[in-house]
Amino acid sequence: MSQAVFKCFMKQNGGIIINISATLHWNGSVFQVHSAAAKAGVDAITKVLAAEWGPRGVRVNGIVPGAIGGTEGLARLGDLSTLNNKAATKNAVNTGNAEKKSTSLASVVPSQRLGMVQDIANAALYLSSNASHYVNGTNVLVDGGNYLTIPNLPFAQPEFIGMWSKAKL
């Protein structure tokens, strides 16, 4: 998509591209090799295109959201019982169990809250405004400081350790 918009518009007019990434590949998140590999690619694209297209007036940056309350991603990844299971995630959201788990997850975030969709929107507004005119080729981490203290969460849960120790690898 970036290449198509560059050829049709940005090559002559400049512009701003904002990619969405994750921290999965920054610390080796278990069970997320597929997503971590994809997001590592997004980060590489962000840096390479910023360097290649910067001389044409195109800025390319990324946003790296932390845990955002009320989203399917948090419901799916924030609880072992719903980990990468769409049906279980939908049930957890519909029954309110996802929100209960969210409250306990917020306690490990230095800001003591989960992010809101508005937090990500604000980062996008900043990156698309003149306030960030000299920002190019970087990721803006919007996670309440969570990456600074995050453990590899599944290993902190006793039920995971039990499952992991019995797994056939």
The complete set of salt bridge (charged side-chain N to carboxylate O under 4.0 Å, His left out) pairs with one or both residues in residues 120-149, sequence neighbours excluded, reads none

Answer yes or no: is there a side-chain heavy-atom contact under 4.5 Å between Leu49 and Val58?
no

Could you tell me the separation between the OG1 atom of Thr46 and the CZ atom of Arg59, rounded to the nearest 0.5 Å?
13.0 Å

Starting from Val33, walk the hydrophobic network (Ile, Leu, Val, Met, Phe, Trp, Tyr; side-chain heavy atoms closer than 4.5 Å) and list everyone else you reach, by chain and number.
none

Same cluster (ILVMFWY, side-chain, under 4.5 Å), Ile120 and Val117:
yes

Set of side chain to side chain contact (heavy atoms under 4.5 Å, CB included) partners for Ala131, sequence neighbours left out:
Tyr126, Ser129

Under a 4.5 Å cut-off applied to non-hydrogen side-chain atoms, are Gln12 and Met10 in contact?
no

What residues join Leu148 in its hydrophobic cluster, counting side-chain heavy atom gaps under 4.5 Å, either direct or through other members?
none

Between Asn136 (side chain) and Val60 (backbone), is there a donor-acceptor pair under 3.5 Å?
yes

Is there a donor-acceptor pair under 3.5 Å between the side chain of Gln112 and the backbone N or O of Ser107?
yes

Is His25 close to Asp43 at the side-chain level, that is, under 4.5 Å between some pair of heavy atoms?
yes

Looking at Gln3, I want to see if its CD is surrounded by more than 12 non-hydrogen atoms of other residues, nucleotides or ligands under 6.0 Å.
no

Lys11: side chain to side chain contact (heavy atoms under 4.5 Å, CB included) partners, not counting sequence neighbours:
Phe6, Arg56

Closer than 3.5 angstrom, by distance alone: can the side chain of Thr71 be matched with the main-chain N or O of Ile68 as a donor-acceptor pair?
yes

With sequence neighbours excluded, give me every ring-ring contact (aromatic ring centres under 6.0 Å, His included) pair touching residues 54-73.
none

Do Ile20 and Pro65 have side-chain heavy atoms sitting under 4.5 Å apart?
yes

Val64: which residues meet the side chain to side chain contact (heavy atoms under 4.5 Å, CB included) condition with it, sequence neighbours left out?
Ser21, Thr23, Trp26, Asn139, Leu141

With sequence neighbours excluded, tell me which residues meet side chain to side chain contact (heavy atoms under 4.5 Å, CB included) with Ala124.
Ile18, Ile63

My understanding is that only residues two or more places apart in sequence, or in another chain, count here; which of them pass side-chain hydrogen bond (donor to acceptor under 3.5 Å, both in side chains) with Gln118?
Asn122

Got a sec, which pairs hit salt bridge (charged side-chain N to carboxylate O under 4.0 Å, His left out) with one end in residues 121-139, sequence neighbours left out?
none

Would you compute the distance between atom CG of Leu24 and atom NE2 of His34 and round it to the nearest 0.5 angstrom?
8.5 Å

From Ser111 atom OG to Asn146 atom CG, the distance as rounded to the nearest 0.5 Å
9.0 Å

Here the gap from Asn27 atom CG to Tyr147 atom OH, rounded to the nearest 0.5 Å, amounts to 5.5 Å

Do any pairs count as a salt bridge (charged side-chain N to carboxylate O under 4.0 Å, His left out) and have a residue in residues 110-134, sequence neighbours left out, and if so which ones?
Arg113-Asp119

